Amino acid sequence: MKVAIGSDHGGVELKAELVKALSSAYEMTDFGPADTTSCDYPDYAIAVAKAVASGTADFGILICRSGIGMSMTANRFQNVRAAICANVETAKVTRQHNGANVLCLGADAVAADLALEIAKAFLSTPVDESERHARRRWKIERAQRLSDCSGLMHDDPEVFAAIEAQTKQEDAEINLIASENTSSRACREAAGSVLMNKYAEGYPGKRWYSGCLPVDAAEELARTRACKLFGADHANVQPHCGSAANMAVYFATIKPGDTIMSLSLDQGGHLSHGSPVNFSGKIYNIVPYTVDPKTEMLDYDAMEKQAMEVKPKILLTGASAYPRTIDFKRIREICDKVGCIMMVDMAHIAGLVAGGAHPSPVPYADFVTTTTHKTLGGPRGGMVLCKEQWAKALDSAVFPGMQGGPLENIIAAKAVMFREWMSPEKKGYAQQVVKNTAAMCKVIQDRGYRIVSGGTDNHLFLVDVKSSKGITGKDAAAALDAAGIIVNKNTIPFDTESPFKTSGIRVGAASATTRGMKEPEMVKIGTWIADVLDDITNTEVQARVKKEAAELVANFPVP
């Protein structure tokens, strides 16, 4: 058992006695000071708290004349619970109930022999893991997710109010937006870090400005972790968003006016894949392909025939509303026959790919683009993976081709997220997303609603509310919103409604899965969706569902 210990000048003598007495049973690390020369207690409290927070020490002991200043400083650190103890009973209770891991002693309040007994009791008492105390400890650490930005309550209360409102909304509602997720606290901390202060135009080791060694280290971590996670030759983690990632590939490979063949927006594609209102549709010649009218799935034979006629420079695959598995190997074969670049936008399914719940496009595609916040659940941003032969052209397209200084704080958060995905738990998460989506989809389908393509293989599905109930996606989404369930209106293949109304809604399970929900909860949610959509004017049903949904989510807190 490793114990970090420190004091100020007023606690040096007591510290020395504790180190001598405890060294036979514990691995003691003395962070100082060495003598009674006047010093500042926060310096030593910070050193010990860092050791405990990082896990390099199991416990901490801090001593000043009262113990108060030491505890106040140590408790600024996440995962540190520092407690002042003046007797053995208090030391035992704070360990059992609060899970305290840093003992603070007042040298003027306790004699050496009592201090030793307190320390022994503190270090040897196990934490009570019963539900009651575990729940309270969790609430201490969580602080309603507001402790990370609590300074804004004073510095900018209006911005804090917006953050608090978003927090409450996430806690109270069921978010089924397929393109949204919830990032970890670690990701949020990196995104809000001092790394945002640094201009870093260029790439690690080749920056325009000096003083970039820290951000170089963070960006290189993100790049190498991305390559390892996805098995890619090269990664560029600088794009600010998915659209910028796609733009970088276009700029690196083709010229204005060249032909891109991509899935039409109204068939499930994305704006940056060639919509006429987007830069991609304005700069390039876009030839859209569609899903099969009968199956509402990709028809690879038809895709090949069209590609052989069109001869695109890029064949772009990927979607924002396609519920089925994509056959990347088959598309590679098409690209080889045509002699074009294979580009895959896996923004929606990147987490499923990382977790092994969807085939990876990386072995087949020349370029793979993605956002980092959807099923990956990281910070909002983009990334491009490519074969080594394209690395130089890609990097030049990102900088100086289209962006200036990268957001190094967001890149650091990407690095954190990639590391999280290397854990076994994330593999299970990806599989659970797919299971949850299928379970929810089946309930709604069994209630008589038509599901586009007849089902789902990934994290989302589309409900045709127009043919099922004669309502629009816009009205369906509004009714569910009133019931505390958040989805979005969405066009479906060959939609007869305008994009502002739509015939369908898009439903996804990533965010709910992040909260720890599984198939039983998905069955409930699917039932509620059908209850509301059966009569979207029934406000009593909406109120009942909203109440029941709030009761459910109370047991599944947002990370």
Side-chain angles (χ1 to χ4, degrees), residues 179 200-203 208 219 222-223 226-227 230 232-265 267-289 312-322 331 335 340-350 361-362 365-374 376 378-408 410-411 414:
S179 55
E201 291 180 337
Y203 293 96
W208 186 256
E219 184 168 334
R223 193 193 68 77
C227 288
F230 291 104
D233 293 345
H234 180 75
N236 189 304
V237 294
Q238 290 192 4
H240 300 331
C241 61
S243 293
N246 290 339
M247 180 186 288
V249 176
Y250 304 152
F251 284 8
T253 57
I254 61 176
K255 298 177 182 179
D258 282 346
T259 299
I260 299 172
M261 188 171 146
S262 59
L263 183 63
S264 178
L265 178 63
Q267 302 280 303
H270 188 260
L271 281 170
S272 61
H273 297 176
S275 169
V277 301
N278 184 261
F279 80 91
S280 54
K282 294 178 179 180
I283 296 177
Y284 303 103
N285 177 41
I286 304 298
V287 177
Y289 59 87
K313 291 292 182 69
I314 293 176
L315 177 53
L316 172 55
T317 308
S320 62
Y322 184 71
I331 295 171
C335 291
C340 66
I341 292 166
M342 179 179 173
M343 175 181 171
V344 176
D345 182 344
M346 67 168 184
H348 264 268
I349 59 170
V362 174
D366 297 290
F367 293 91
V368 177
T369 64
T370 185
T371 54
T372 51
H373 53 273
K374 296 184 176 78
L376 280 173
R380 299 189 69 83
M383 176 179 70
V384 184
L385 306 172
C386 71
K387 303 296 186 186
E388 185 59 41
Q389 70 191 76
W390 293 106
K392 185 175 180 180
L394 171 65
D395 288 350
S396 295
V398 176
F399 176 83
M402 47 173 273
Q403 288 185 180
L407 308 177
E408 291 295 342
I410 301 301
I411 289 173
K414 293 174 186 178

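As the structure is a prediction and not an experimental result, all values here were calculated from the model. Residue numbers start at 1 and run along the sequence shown. As a basis for the values below, the full set of heavy atoms in this structure was taken, side chains included, without hydrogen atoms, waters or symmetry mates.
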Can you list everything that forms a salt bridge (charged side-chain N to carboxylate O under 4.0 Å, His left out) with Asp395? Sequence neighbours excluded, please.
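With neighbours one apart ignored, the set is empty.
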
For Asp233, what residues pass the salt bridge (charged side-chain N to carboxylate O under 4.0 Å, His left out) criterion, not counting sequence neighbours?
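Once residues adjacent in sequence are excluded, Asp233 has no partner under the salt bridge (charged side-chain N to carboxylate O under 4.0 Å, His left out) criterion.
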
Interatomic spacing from [atom1] in [X] to [atom2] in [Y] - rounded to 0.5 Å:
X	Y	atom1	atom2	value
Met346	Thr369	CE	OG1	8.0 Å
Asn236	Glu219	CG	CD	7.5 Å
Phe279	Met402	CZ	CE	7.5 Å
Leu376	Met383	CG	CE	7.0 Å
Ile314	Thr253	CD1	OG1	3.5 Å

How about [X] and [Y]: do any of their side-chain heavy atoms sit closer than 4.5 Å?
X	Y	answer
Leu265	Leu271	yes
Gln267	Tyr322	no
Leu407	His240	yes
Leu316	Tyr289	no
Arg380	Cys241	no

State, without any angle test, whether [X] and [Y] hold a side-chain donor-acceptor pair at a distance under 3.5 Å.
X	Y	result
His273	Asp345	yes
Asn278	Ser272	no
Tyr250	Asp258	no

Selection residues 270-282 - residue pairs positive for salt bridge (charged side-chain N to carboxylate O under 4.0 Å, His left out), sequence neighbours left out:
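Non-adjacent pairs meeting salt bridge (charged side-chain N to carboxylate O under 4.0 Å, His left out): zero.
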
Let me see the working for Leu315 and Met342 under side chain to side chain contact (heavy atoms under 4.5 Å, CB included), right down to the final yes or no.
CA-CA 5 Å; Leu315 177 53; Met342 179 179 173; 5.9 Å; no

Does the side chain to side chain contact (heavy atoms under 4.5 Å, CB included) test come out yes or no for Arg223 and His234, once each step is laid out?
CA-CA 8 Å; Arg223 193 193 68 77; His234 180 75; 4.2 Å; yes

According to side-chain hydrogen bond (donor to acceptor under 3.5 Å, both in side chains), who are the partners of His373, at least two apart in sequence or on a separate chain?
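Scan of His373 (side-chain hydrogen bond (donor to acceptor under 3.5 Å, both in side chains), adjacent residues dropped) gives none.
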
Thr371: what forms a side-chain hydrogen bond (donor to acceptor under 3.5 Å, both in side chains) with it, not counting sequence neighbours?
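Per chain and number, Thr371 pairs via side-chain hydrogen bond (donor to acceptor under 3.5 Å, both in side chains) with Lys374.
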
Shortest non-hydrogen separation from [X] to [Y] and the atoms involved:
X	Y	value
Ile286	Ser262	CG2-OG, 3.7 Å
Ala235	Ala226	CB-CB, 4.0 Å
Ala365	Val368	CB-CG2, 3.7 Å
Gly274	Ser280	N-OG, 2.9 Å
Cys340	Asp366	O-OD2, 4.4 Å
His270	Ser243	CE1-OG, 3.8 Å

By ring-ring contact (aromatic ring centres under 6.0 Å, His included) - contacts of Phe367 (at least two apart):
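In terms of ring-ring contact (aromatic ring centres under 6.0 Å, His included), with neighbours along the sequence ignored, Phe367 is linked to Trp390.
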
Side chain of [X], backbone of [Y]: donor and acceptor closer than 3.5 Å?
X	Y	value
Thr372	Pro379	yes
Asn285	Gly257	no
Gln403	Gln238	yes
Lys414	Gly382	yes

